[in-house]
Amino acid sequence: PKVMTAAEEDSLADLEAGLNRIAREMRGRGIKIVFQSHNPFMRESGCTPDIAKPQWFKLSERAGCVYYTKAESLQRMAQLHATLDRVRHANPNFFLLDLFSVLCPGNICGFFSDYRTPLYRDEWSHMSVEAAYLARPVFLQTAQEALVSPADATRTGKVPTSGGPAGAAP
């Protein structure tokens, strides 16, 4: 939301406490967590991929769809991102998979990329096969970071750059 209510702030605090508890418990077992962070707000667009799909007979590509800009989306997600970042910094076995740049590659977050690649398969924000393919380098980089980092080590903030796709641009 543009302005967080007290109930929403409480929900974020509950999320943070729960994720910290799970991460601590899993760290004790030597288990690492890769948590996918926020996606763009496709559910709020009032649209489906079928309606959003550019057609020769439609006067506007966005007829009936209400999309957020990348900047608006990031602003709305800022407190959630800060919460997840605190969990990540507090738990060396907790890694964030951030696919936002893949799922919102342009200035407007929509069902299709600027190159008309479908990014979602439905109105519930499930990624398309094409988006999953585009997300592969980001996923592999995050997985590589998790795999090479001991669960009890202190995070250096450095991302591995050897071993293939780690460090590759999405």
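Atoms considered below: every heavy atom in the structure, side chains included; atoms not considered: hydrogens, waters and symmetry mates. All of these numbers come straight from a predicted model, not from anything done at the bench.
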Under 3.5 Å, side chain of T142 to main-chain N/O of V138, donor-acceptor pair present?
yes

Are N91 and R27 close enough that a side-chain donor and a side-chain acceptor fall under 3.5 Å?
yes

Gap separating the CG atom of D98 from the CD atom of Q141, nearest 0.5 angstrom
11.0 Å

Assess the pair F94 and F35: is the distance between their ring centroids shorter than 6.0 Å?
yes

Ignoring hydrogens and geometry beyond distance, is a side-chain donor-acceptor pair present between T5 and E8 at under 3.5 Å?
yes

For the residue pair S45 and E123, establish whether any side-chain heavy-atom pair is separated by less than 4.5 Å.
no

What do the steps show when you test R88 against F95 for side-chain contact (heavy atoms from CB on, under 4.5 Å), and what is the final call?
CA-CA 6 Å; R88 183 177 67 86; F95 299 84; 6.0 Å; no

Hey, what do you get for OG1 (T69) to CD (Q75), rounding to the nearest 0.5 Å?
8.5 Å

Gap separating the CH2 atom of W124 from the OG1 atom of T48, nearest 0.5 angstrom
9.5 Å

side-chain contact (heavy atoms from CB on, under 4.5 Å), that's the test. Do S37 and H81 meet it? Break it down for me.
CA-CA 8 Å; S37 63; H81 182 73; 5.5 Å; no

Residue pair S128 / F111, side-chain heavy-atom distance below 4.5 Å:
no

Nearest-0.5 Å distance, CZ of residue R136 to CZ of residue F139
10.0 Å

Tell me, do L97 and L99 make a side-chain contact under 4.5 Å, heavy atoms counted?
yes

Do M42 and L103 have side-chain heavy atoms sitting under 4.5 Å apart?
no

Answer yes or no: does atom CG of D14 have more than 12 heavy-atom neighbours from other residues, nucleotides or ligands under 6.0 Å?
yes

Going by an N to O cut-off under 4.0 Å, is there a salt bridge joining E16 and R86?
yes

Could you check V66 against E44 for side-chain contact (heavy atoms from CB on, under 4.5 Å), going step by step and ending with a plain yes or no?
CA-CA 8 Å; V66 179; E44 295 182 12; over 6 Å; no

Minimal heavy-atom distance between C65 and I51, with the atoms involved, is SG-CG2, 4.3 Å

Of all heavy-atom pairs linking H126 and D122, the shortest is ND1-OD2, 2.8 Å

Looking only at atom types and distance, does a side-chain atom of K32 sit under 3.5 Å from a main-chain N or O of N93, one as donor and one as acceptor?
no

Heavy-atom closest contact (M127 atom, A135 atom, distance)
CE-CB, 4.1 Å

For S125 and R43, work out which heavy atoms get closest and say how close.
OG-CG, 3.8 Å

Min side-chain heavy-atom separation L119-L134 under 4.5 Å
yes

Evaluate the side-chain proximity of Y115 to P105: yes if any heavy-atom separation is below 4.5 Å, no if none is.
no

Any non-hydrogen side-chain atom of P40 less than 4.5 Å from a side-chain atom of F100?
yes

Looking only at non-hydrogen atoms, find the nearest pair between P92 and S149 and report the distance.
O-OG, 4.2 Å

To the closest 0.5 Å, what do you measure between CE (M4) and CD (Q79)?
4.5 Å

Heavy-atom closest pair, residues F112 and R116
CD2-O, 3.7 Å

Would I31 and V87 show up in the same hydrophobic cluster when neighbours are defined by side-chain heavy atoms closer than 4.5 Å?
yes

Have R76 and S73 got a donor and an acceptor in their side chains that come within less than 3.5 Å?
no

Where do L15 and L80 land on the side-chain contact (heavy atoms from CB on, under 4.5 Å) test, with the steps shown first?
CA-CA 9 Å; L15 174 67; L80 172 61; 3.8 Å; yes

To the nearest 0.5 angstrom, please state how far the OG1 atom of T83 sits from the CG atom of L19.
9.5 Å

